[in-house]
Amino acid sequence: MMDTGYGLMSFFILIGIGSLLSLFLPHKKNPLFLSIVGIISSLLLLVLSLSFLLSDRAFTFTLWEMKPAYPLVIVMDKLSALFLFITILVYLSVSLYSAGYMKNYLGKYSLKAFGFSYHLLFGSIVALLLAGDVFSFLVTWEIMSILCYLLVNYEHEKKENRRAAIIMLIMSEGGALAGLIALLLLGSYGGDLTFSALKINALHLSQTTYWAVFLLSFFGFGVKAGLVPLSNWVPLADPAPPRNISAILSTIILNLGIYAILRINLDIMPPFSYGTGLILLVIGTLSGLIGIIYATSESNMAKMLAHSSIENMGI
């Protein structure tokens with residue numbers, strides 16, 4: 001377990017150093033530096049997440065005990081390790097690609113600001129997947145959303161990019177608010193706000209509260225997953241940023257919505273009604289069908305891929 005703690009600490013130290021140094025390195029050296037830090041940090045967590053997927057162990061560490069009963073907790077289990085593994089595979093590939101690709105922006109936009117935001121986004125996503133309490137989860141969710149806004153708006157001189165970024169942020173914030181209410185409902189039965197305590201609280205929920213938590217969390221975090229009818233932001237935001245960020249948006253960021261839905265409605269609160277499964281099937285089917293219909297009729301490649309991402313999330 002100590003190896004896991006040291007591994008995670010090494011990752012966050014590396015990401016922190018990478019973010020800060022990005023601000024001081026010359027612009028022309030930033031793409032290669034971004035690639036090196038991204039690859040090393042990805043490989044570090046790749047081994048760690050794979051070891052958890054292939055074993056039955058779990059890791060829990062209390063970062064801070066806020067009295068009387070609100071600890072900040074890091075947890076790695078099978079669910080977080082799975083999404084972490086997928087995230088790292090994408091970030092590893094994107095970091096490798098970015099070394100050459102980001103040179104296209106030399107003299108046009110700040111590569112220092114890009115490198116700073118890129119590393120912090122990676123760190124916030126990992127922190128989100130490791131969050132074991134409501135406070136840590138929501139704070140890292142907000143940091144991730146703000147950094148996504150900044151990167152989607154990277155080419156800020158284009159009006160359509162500014163519009164896409166603000167629509168994405170507004171919809172994400174609305175969804176996060178619904179998710180917050182769902183988590184607070186789970187915590188309303190007493191105890192602390194760690195996910196392990198919420199699991200115990202979930203055993204005592206009334207049917208009405210069960211449904212409220214499910215609907216708020218499913219549709220709230222379904223915004224980030226790009227599920228129909230909450231997917232309007234995806235074809236707007238996906239073509240706006242540099243291609244490497246677009247790849248992160250359409251894979252990792254959309255997956256975070258699915259992760260949040262699963263964390264609340266499969267891990268913390270076990271399935272309680274056939275009705276919830278029916279809603280999942282209907283929304284998933286609509287997302288898949290509408291996504292592929294728009295994808296096949298779209299002539300713009302970037303928007304076509306965005307609609308295809310909506311289809312994949314529906315499936």
Requested in this report: Report the distance from atom CD1 of I253 to atom OG1 of T87, rounding to the nearest 0.5 Å.
Outcome: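 Answer for the CD1-OG1 pair, I253 versus T87, is 8.0 Å.
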
Query raised in the report: At what distance, to the nearest 0.5 angstrom, does CE of M171 lie from CG of N232?
Result: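 Nearest 0.5 Å value for the CE-CG distance: 5.0 Å.
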
Grab the two heavy atoms, one from [X] and one from [Y], that are nearest each other, plus how far apart they are.
{"X": "L216", "Y": "A182", "result": "CB-CB, 3.8 Å"}
{"X": "N30", "Y": "G115", "result": "OD1-CA, 4.4 Å"}
{"X": "A247", "Y": "V94", "result": "CB-CG2, 4.1 Å"}
{"X": "M76", "Y": "F52", "result": "SD-CD1, 3.3 Å"}

Query raised in the report: Hey, mind stepping through F114 and Y109 against ring-ring contact (aromatic ring centres under 6.0 Å, His included) and telling me if it holds?
Result: CA-CA 9 Å; F114 182 89; Y109 294 95; over 10 Å; no

Report task. In sequence, state the C-alpha distance, the side-chain angles, and the governing distance for F11 and F122, and then conclude on ring-ring contact (aromatic ring centres under 6.0 Å, His included). Result -> CA-CA 10 Å; F11 168 80; F122 192 10; 5.1 Å; yes

Is it true that the side chains of [X] and [Y] contain a donor and an acceptor less than 3.5 Å apart?
{"X": "S206", "Y": "T208", "answer": "no"}
{"X": "S217", "Y": "N265", "answer": "yes"}
{"X": "Y91", "Y": "S41", "answer": "no"}

Query raised in the report: Does D77 come within less than 4.0 Å of R263, counting only side-chain N to carboxylate O?
Result: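 Salt bridge flag = yes for R263 with D77.
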
[X], [Y]: one ILVMFWY side-chain cluster at the under-4.5 Å cut-off?
{"X": "L106", "Y": "L34", "result": "yes"}
{"X": "M9", "Y": "V75", "result": "no"}
{"X": "F12", "Y": "I252", "result": "yes"}
{"X": "L23", "Y": "Y118", "result": "yes"}
{"X": "L289", "Y": "I310", "result": "no"}

Report task. Return the orientation label for the F59 and F61 ring planes: parallel under 30°, perpendicular over 60°, tilted otherwise. Result ->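 Rings of F59 and F61: parallel, under 30°.
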
Please check if the side chain of [X] supplies one atom and the backbone of [Y] the other of a donor-acceptor pair under 3.5 Å.
{"X": "N312", "Y": "S308", "answer": "yes"}
{"X": "K112", "Y": "L21", "answer": "no"}
{"X": "K303", "Y": "L236", "answer": "no"}
{"X": "T140", "Y": "S124", "answer": "no"}

Report task. Return yes when atom NZ of K103 has more than 12 non-hydrogen atoms of other residues, nucleotides or ligands closer than 6.0 Å, and no otherwise. Result ->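 Open.
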
Report task. Count the heavy atoms of every other residue, nucleotide or ligand shown that sit under 6.0 Å from CZ of R243, and state whether that count exceeds 12. Result ->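 Yes, because the 6.0 Å sphere around CZ of R243 holds more than 12 heavy atoms from other groups.
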
